[in-house]
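First comes the structure, then the notes that go with it.
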Amino acid sequence: MIITPPPRFTQERHARIVEWLNTHGRVEVLELARTLEVSEHTIRRDLDALQAAGVLQRTHGGAVAIDTKRLDYGGRAAVLADVKGHLGRAGAALIEAGQSVVLDAGSTNLAMARALTVRPLTVITNSLDVAAVFDRDPLVQLVVLGGVWQPDARAFWGHATVEMLALHRADWAVPGACAVDEAAGVTASEEPDALLKRSMVKAARRTMVLADHSKVGGVAPYRVADWDRVHALVTDRPWPALAAHDVEVVVADA
């Protein structure tokens with residue numbers, strides 16, 4: 001970090017913290033306290049205030065930007081971790097024993113995978129993290145899609161992945177969502193990822209999307225699905241704008 005004279009007022013500290021978040025994607029309490037020449041208690045109070053304003057997500061020892069595109073997988077997983085757990089459990093409640101599920105990679109879907117244990121299922125996934133949840137589960141028929149490994153996404157993408165997926169049919173598809181918008185529908189940030197997600201939707205009778213409030217109202221560059229292809233949206237806040245669409249909106253309990 002470039003050391004400049006410490007800000008005198010709370011608003012100035014907040015502006016400096018937001019500037020660093022925009023540049024680096026994350027901040028640490030100890031480093032902020034030293035650089036801004038205030039106590040760690042003051043920095044924690046600043047971070048709590050900025051979290052309440054929806055600017056960042058507190059983590060152990062610091063905070064990460066809600067703009068998850070700047071973060072690695074570990075950083076993205078830390079954003080709204082508790083909320084993702086709630087979404088995962090609410091989404092799992094919609095899956096019936098004996099059904100088959102195409103479960104995409106991503107930290108929210110991983111939370112759903114953990115909530116899907118102890119029931120007979122077929123799980124088809126491009127995520128080794130999701131696969132590891134079920135690898136010793138005798139009730140689950142596990143299908144792992146291969147392809148080109150993407151370290152940043154912790155997932156398999158590519159034409160081979162799509163071709164393997166085309167061999168299967170499922171009751172539910174749960175594609176990850178980079179953004180959801182009333183007009184644009186469900187969108188993704190990377191073209192090969194979006195291609196695979198569209199293939200997931202095509203392979204299933206019904207589609208479920210898990211999306212916390214930080215993804216609502218945003219639009220990523222590549223289309224995944226319009227709302228007429230989505231049957232259930234699981235989120236953490238009511239979204240009245242979807243009332244005009246035939247989509248079941250499930251608000252997860254906090």
Side-chain angles (χ1 to χ4, degrees), residues 25 64-79 84 87-88 91 100-113 122-135 142-181 183-212 214-234:
V64 294
I66 290 294
D67 182 6
T68 59
K69 295 186 293 297
R70 295 179 177 272
L71 303 177
D72 58 16
Y73 183 87
R76 294 193 299 272
V79 175
K84 292 173 181 177
L87 298 187
S100 53
V101 185
V102 181
L103 194 53
D104 198 3
S107 53
T108 309
N109 280 7
L110 180 58
M112 180 176 175
T122 297
V123 175
I124 305 163
T125 185
N126 62 321
S127 164
L128 294 185
D129 294 322
V130 169
V133 173
F134 302 106
D135 68 340
L142 178 63
V143 178
V144 180
L145 303 172
V148 179
W149 179 247
Q150 304 293 327
D152 290 342
R154 297 192 60 79
F156 289 107
W157 295 352
H159 291 291
T161 318
V162 171
E163 289 175 4
M164 290 182 67
L165 179 59
L167 300 175
H168 301 277
R169 290 294 177 266
D171 296 296
W172 284 98
V174 189
C178 298
V180 292
D181 177 77
V186 184
T187 51
S189 300
E190 302 288 341
E191 185 175 13
D193 186 29
L195 173 64
L196 178 59
K197 294 178 191 303
R198 289 195 298 271
S199 299
M200 291 178 175
V201 172
K202 184 178 179 180
R205 293 193 303 110
R206 310 188 77 198
T207 297
M208 180 193 316
V209 174
L210 314 182
D212 62 66
S214 71
K215 297 181 178 180
V216 172
V219 180
Y222 301 100
R223 183 182 64 84
V224 172
D226 297 326
W227 291 117
D228 61 359
R229 299 299 305 271
V230 177
H231 300 81
L233 172 72
V234 181

Subject >> side chain to side chain contact (heavy atoms under 4.5 Å, CB included) partner of Val130, chosen from Asp135, Leu103, Val144 >> reply: Leu103
Subject >> Thr187 side-chain N/O to Ala220 backbone N/O, donor-acceptor pair under 3.5 Å >> reply: yes
Original post:
Does atom CD of Gln150 have more than 12 heavy-atom neighbours from other groups under 6.0 Å away?
Top reply: yes
**OP:** To the nearest 0.5 Å, tell me how far Ser199 OG sits from His168 NE2.
**Re:** 12.5 Å
Subject >> Check: Ala194 main-chain N/O paired with Trp157 side-chain donor or acceptor under 3.5 Å >> reply: no
Original post:
Backbone N or O of Phe156 within a donor-acceptor pair of the Asn126 side chain at under 3.5 Å?
Top reply: yes
Subject >> Candidates Val186, Val216, Val219 - the one meeting side chain to side chain contact (heavy atoms under 4.5 Å, CB included) with Asp181 >> reply: Val219
**OP:** Write out all pairs satisfying salt bridge (charged side-chain N to carboxylate O under 4.0 Å, His left out) with one or both partners inside residues 196-205, taking only residues at least two apart or from two chains.
**Re:** Asp104-Lys197, Asp171-Arg205, Asp193-Lys197
Original post:
Is there a donor-acceptor pair under 3.5 Å between the side chain of Thr161 and the backbone N or O of Gly146?
Top reply: yes
Original post:
Does a sphere of radius 6.0 Å around CZ in Arg223 hold more than 12 heavy atoms from other residues, nucleotides or ligands, not counting ones at 6.0 Å or beyond?
Top reply: yes
Original post:
Going by heavy atoms in the side chains, are Phe134 and Thr125 under 4.5 Å from each other?
Top reply: no
Original post:
Met208 and Met112: side-chain contact (heavy atoms from CB on, under 4.5 Å), yes or no, with the steps?
Top reply: CA-CA 11 Å; Met208 180 193 316; Met112 180 176 175; 4.0 Å; yes
**OP:** State the CH2-CD1 distance between Trp172 and Ile124, to the nearest 0.5 angstrom.
**Re:** 15.0 Å
**OP:** Locate the shortest heavy-atom distance separating Asn109 from Val174; write the atom from each residue and the value.
**Re:** ND2-O, 2.8 Å
